[in-house]
Structure formats: C-alpha cells, structure tokens
Amino acid sequence: MAGQRTLESVRVDYPAPPHVPKDLLVDLSWAQGYLPSDLVDPYEPFGWLSGPDIPRLLYTPAVPGVSAEGMGVGSAGTWVVTHYEDIDRVYTDNALFSNRGTAEFQALIGETFPSIPLAIDPPDHHKYRMFLMPHFSPARITRMEGEIRDLVREMIGEFAGRGEVDIAWDFARAYPVRIFMRLMGFPEPMFEQFLAWEWDILHSNSNEKMAAALRGVLAFLRGFIAEREADPDDHLVSAIIHGKIEGETPTEDEKIGMVWFLWLGGLDTVAATISQMYRRMALQPEIQARLRADPSLVPTAVEEFLRTQPILNTARRVKQDFEWHGVTLKAGDRVQCYNAAGNFDPARFDDPREFDPTRKSNRHFTFVAGVHLCLGAPLARRELRILLDEWFKHIPEFRIKHGADISVFPGLLSIRNLPLVWDVA
C-alpha cells in the first residue's frame with residue numbers, strides 16, 4: 001500500500017533532461033491526490049517525503065502511460081520540493097521563481113488573458129492584489145458575518161431534525177458557493193451550472209469537456225460583465241469593472257482575468273476542506289467532543305484542520321539558472337511544492353501527524369505563502385469557524401452512516417458523498 005513506499009521503491013529510470021541527476025528520478029504520480037484512501041489521515045502516505053533522509057530536491061519525469069497533464073508535471077517533468085524550508089523559499093523568492101501561466105486553463109481554447117492576480121509576478125502583482133484585497137479584508141468579512149451565520153443556520157435547520165445529511169454533496173458543495181455567489185452578485189439559478197463547468201475544467205481529465213466548459217463559463221462571465229457595466233450594483237463583479245487600478249480603468253483583459261480567476265478559485269477549495277474536516281471528526285469523535293466542550297478552541301482547530309488537509313500542491317517556474325542543494329535548476333524548469341509533505345515536516349511541526357486543536361505558530365502552506373497567499377483565505381477561515389460554531393449548537397455527536405464509503409481523494413477531488421447520521425432527541 002501507499003504508506004509502505006520508500007525512496008528506493010519510487011525511483012525510476014525514465015527519460016529526463018540532461019541536467020537532472022539520475023538518482024533523483026522518482027515516480028510521484030501516486031502523490032497527486034488522484035488515488036483514493038480509506039485512512040483516517042489520508043495524507044499519511046506522503047509524510048515520509050519530508051523526512052531528514054529524503055533528498056531536498058527530487059524530480060518526477062513524465063511517467064509512461066500516465067497523462068502528464070493529469071499529473072500536472074508538464075511534458076518533461078517537474079522538480080519536487082517536500083521540506084518546509086524549501087517550499088517556503090519557492091513561494092517567497094520571487095527573483096528566482098515565477099507564477100506566470102498558473103491556472104490558465106483558458107489557454108486551451110486560445111484565450112490570452114492572464115488569471116489575475118495569481119498568474120502575475122511582482123512588481124505588477126502588487127497593484128492587482130491591492131485593488132482586490134479590500135473586498136476580502138477581515139473588516140469586509142466581518143460585515144458579511146451575519147449573512148453567513150444566517151445561511152449556516154438555515155442550511156443546518158433543513159436537516160437537523162432528520163438525523164442525517166450527506167455533508168459533502170448536500171452541504172459542503174453548496175455552502176461556500178452560495179456565499180461566493182452572493183459576494184460576486186451572480187444569479188443563484190446558475191449554481192448547478194457553475195459546479196458542472198468547474199468539475200469539467202478541474203476534474204474531467206478530458207480536453208473536450210474542459211474546452212466546452214471553458215467556452216460556456218467565459219461566455220457567461222463576459223455577458224455578466226457587460227450587464228454590470230450597463231447596470232452597476234453593490235457586488236464584487238461590479239466593483240471590479242467600475243474600479244480604478246492605480247487610477248486607471250481596468251482593461252477588458254484585466255476585467256475578465258480577475259472575474260474569471262475569482263470564479264475558478266471560489267467554487268471548490270472550501271468544499272473539499274469541509275468534507276475532509278467532517279470525515280476526520282466522524283472517524284475521530286474525540287475531536288468533535290473536545291470542540292463541543294470548549295468552543296474557544298474552534299479558531300485554532302480550524303487552522304489545524306487546514307494544516308492537516310493540504311488540498312493543493314502548487315508549482316512555480318524557474319526564472320533563471322541557479323544552483324540549489326548541489327543541483328543545477330534551469331530557466332523554465334517547473335518546481336512543484338508538495339504541501340502534503342511540507343505541512344507535516346517534523347523540522348517545523350512538533351508531532352506533525354497529531355491533530356492538535358491547540359497548536360500554536362501554525363504557519364502551514366494550505367493557503368500557499370508569499371505574495372500569492374490565497375486572496376480568499378480570510379473568508380475561508382471565517383466560513384469554517386462560523387460553521388463549526390453553529391454546528392455544535394444544533395447537531396449532537398455524529399458518525400458516518402453504516403456501510404458508507406469512507407474513501408477520500410487526498411486533494412482537491414476530495415469527497416463526493418459522505419452521509420453522516422446522529423441520534424435525534
């Protein structure tokens with residue numbers, strides 16, 4: 001099984017660029033979140049990659065018989081960093097590592113606008129970040145808190161008396177998306193269509209389905225932008241297109257680049273986090289019991305759920321040749337950060353596999369780091385905290401329904417269905 005892998009067992013002899021040492025070639029396709037796990041801690045099989053005996057740089061070539069696109073490794077392969085210190089450097093050293101081209105699925109259908117601000121490097125990144133940040137600031141989110149709490153209560157009220165809910169499909173899939181749609185001003189009837197498009201873009205592994213979904217969503221977004229240009233409202237899309245970036249009206253590419261990226265980033269990540277969070281609490285009921293007994297632990301527990309559920313491994317491009325850990329990296333090389341290992345690095349976290357709701361100094365990489373730290377992180381944290389706060393007021397101890405499949409994809413694919421049950425008084 002995956003947990004029994006060693007460095008020797010994953011070494012391969014596949015073709016790789018000449019500057020890559022042969023002893024660093026490994027097949028890490030199994031660590032990309034595409035294989036289901038029934039472990040309580042589904043990220044456990046990746047933890048050994050951050051051990052002190054593992055080389056600080058590895059290289060995963062394009063594996064024969066596996067889609068390089070599906071693995072996220074490109075046509076040649078990718079360097080892999082798995083230790084906390086090295087991941088932090090990749091995320092923060094903007095002189096050597098670039099984010100250009102990241103999450104630009106739209107290139108598949110010939111679109112040339114960038115995903116803003118994610119795919120923009122400093123110094124230009126700063127102006128877009130500063131333009132968007134006020135809409136995701138703690139003060140702005142605090143003004144939304146009443147609306148978020150009302151939505152949580154409403155949704156919980158729909159199933160509390162039944163003693164059962166599919167937390168993944170009926171709740172996690174819907175809750176953060178409904179908040180996001182209200183923030184952006186999108187029409188609620190688009191809910192299911194948005195999720196269908198998003199699934200085909202991120203998870204179908206079919207260029208045909210991706211292309212059709214991309215055409216559909218971009219046509220909708222451009223039409224919606226045109227509507228808000230003619231008829232402004234007080235939601236985020238309208239604020240973007242009628243705003244000023246360093247005193248200038250956004251260009252058409254800037255408008256669609258920002259709205260598209262927020263659309264892409266607002267639909268999936270919190271849903272995956274919620275599903276895995278409830279799976280963990282159901283399989284380890286002592287966690288929910290502790291939070292129920294002491295609600296003051298919810299903020300630090302949320303951070304620990306985030307640390308132990310790093311749903312994305314993200315990548316950068318090398319901007320210029322340089323030496324690192326005795327190895328030459330070439331301009332254009334791809335470097336992938338295995339957050340699923342770095343978040344459990346024993347050099348950074350005491351007892352890293354232990355879920356500790358009181359953990360202090362919990363600086364993890366689930367929201368990445370550096371200038372590209374997730375723009376929506378403050379909103380995601382608040383959504384999770386409000387959810388747990390309200391949940392324990394209304395739902396008693398819960399468990400996974402007998403006979404349900406508890407397997408999880410330890411990544412963005414996560415869990416499609418997870419029925420929970422509890423005893424109704």
Side-chain angles (χ1 to χ4, degrees), residues 88-107 110-144 179-186 214 217-267 269 314-320 331 367-382:
D88 193 51
R89 182 182 184 184
V90 174
Y91 286 150
T92 58
D93 191 340
N94 300 302
L96 289 176
F97 299 99
S98 170
N99 220 32
R100 289 185 63 185
T102 300
E104 294 191 337
F105 301 95
Q106 64 270 28
E111 296 280 0
T112 58
F113 68 84
S115 296
I116 302 174
L118 182 66
I120 305 294
D121 287 337
D124 287 343
H125 174 272
H126 179 76
K127 67 180 181 181
Y128 297 116
R129 182 92 181 183
M130 291 301 100
F131 175 66
L132 291 169
M133 269 185 64
H135 302 287
F136 296 92
S137 68
R140 173 73 177 85
I141 293 165
T142 295
R143 293 197 295 272
M144 296 172 58
I179 294 170
F180 166 74
M181 292 181 72
R182 293 180 185 182
L183 174 68
M184 298 290 282
F186 291 138
L214 286 163
V217 67
L218 290 176
F220 170 82
L221 293 178
R222 286 190 168 108
F224 189 77
I225 288 171
E227 290 177 12
R228 294 286 73 82
E229 286 175 332
D231 184 18
D233 60 23
D234 58 356
H235 297 291
L236 183 49
V237 172
S238 191
I240 288 171
I241 61 180
H242 292 285
K244 298 287 186 181
I245 301 175
E246 296 186 339
E248 300 292 331
T249 299
T251 66
E252 294 307 306
D253 275 1
E254 287 174 331
K255 292 174 185 176
I256 188 63
M258 287 184 280
V259 174
W260 147 255
F261 172 66
L262 292 174
W263 180 89
L264 184 68
L267 298 183
T269 51
T314 55
R316 301 288 186 267
R317 290 280 180 186
V318 176
K319 297 172 75 171
Q320 63 191 49
F367 290 128
V368 192
V371 298
H372 292 289
L373 181 74
C374 176
L375 193 65
L379 177 59
R381 287 185 167 103
R382 194 72 61 93

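All residue numbers in this chain count up from 1 along the given sequence.
The two residues N99 and L118 make their nearest non-hydrogen contact at ND2-O, 2.6 Å. Closest approach of H372 to P117, counting heavy atoms only: CE1-O, 3.7 Å. Of all heavy-atom pairs spanning W263 and F180, the tightest one is CA-CZ, 3.5 Å. Heavy-atom minimum distance, L132 versus F136: O-CD1, 3.6 Å. Among all heavy-atom pairs drawn from W260 and L214, the shortest one is CH2-CD2, 3.6 Å. Taking every heavy atom of both residues into account, A380 and F367 meet most closely at CB-CZ, 3.9 Å.
Between P122 and V371, some side-chain heavy-atom pair lies under the 4.5 Å cut-off. Under the 4.5 Å side-chain criterion, counting only non-hydrogen atoms from C-beta, F105 is not in contact with V217. The shortest side-chain heavy-atom distance between L96 and V318 does not fall under the 4.5 Å cut-off.
No hydrogens or angles considered: a donor-acceptor pair under 3.5 Å links the side chains of T142 and R382.
For residues 111-135, the set of pairs meeting the salt bridge (charged side-chain N to carboxylate O under 4.0 Å, His left out) definition, not counting sequence neighbours, comprises E111-R222. Counting only residues at least two apart or on different chains, the salt bridge (charged side-chain N to carboxylate O under 4.0 Å, His left out) pairs with a member in residues 89-98 are R89-D93.
Checked by atom type and distance alone, the side chain of Q106 pairs as donor or acceptor with a backbone atom of F113 at under 3.5 Å. Within the 3.5 Å criterion, the main-chain N or O of D234 finds no donor-acceptor partner in the side chain of S238. Within the 3.5 Å criterion, the main-chain N or O of R140 finds a donor-acceptor partner in the side chain of S137. Side chain of S98 to main chain of K319: no donor-acceptor pair is present (N/O by atom type, distance under 3.5 Å, no hydrogens or angles). Of the possible donor and acceptor atoms, one in the side chain of H235 sits under 3.5 Å from a partner among the backbone N and O of R182.
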Stepwise side-chain contact (heavy atoms from CB on, under 4.5 Å) check, L262 with V237 | CA-CA 10 Å; L262 292 174; V237 172; over 6 Å; no
List the steps and the verdict of side-chain contact (heavy atoms from CB on, under 4.5 Å) for V259 and I225.
-> CA-CA 9 Å; V259 174; I225 288 171; 4.1 Å; yes
Given T314 and Y91, is the side-chain contact (heavy atoms from CB on, under 4.5 Å) satisfied, shown in steps?
-> CA-CA 9 Å; T314 55; Y91 286 150; 2.5 Å; yes
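To the nearest 0.5 Å, atoms CG (L236) and CE (M184) are separated by 5.0 Å. Taking CD1 of I120 as the reference point, atom NE2 of H126 lies at 14.5 Å (rounded to 0.5 Å). Here the CG-CE distance, from D253 to M258, works out to 10.5 Å after rounding to the nearest 0.5 Å. Taken to the nearest 0.5 Å, the CD atom of E104 stands 11.0 Å off from the CG atom of L264. Going from atom CG of L375 over to atom CZ of F261 covers 7.0 Å, rounded to the nearest 0.5 Å. Atom OG1 of T102 sits about 10.5 Å away from atom CZ of R100, to the nearest 0.5 Å.
Taking the six-membered ring where the residue is Trp, F224 and F220 present parallel rings, their angle staying beneath 30° rather than reaching 60°.
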Would you be so kind as to tabulate the donor-acceptor pairs closer than 3.5 Å made by side chains of residues 239-249, with sequence neighbours excluded?
from, atom 1, to, atom 2, distance (Å)
H242, NE2, R228, O, 2.9
K244, NZ, T249, OG1, 2.8

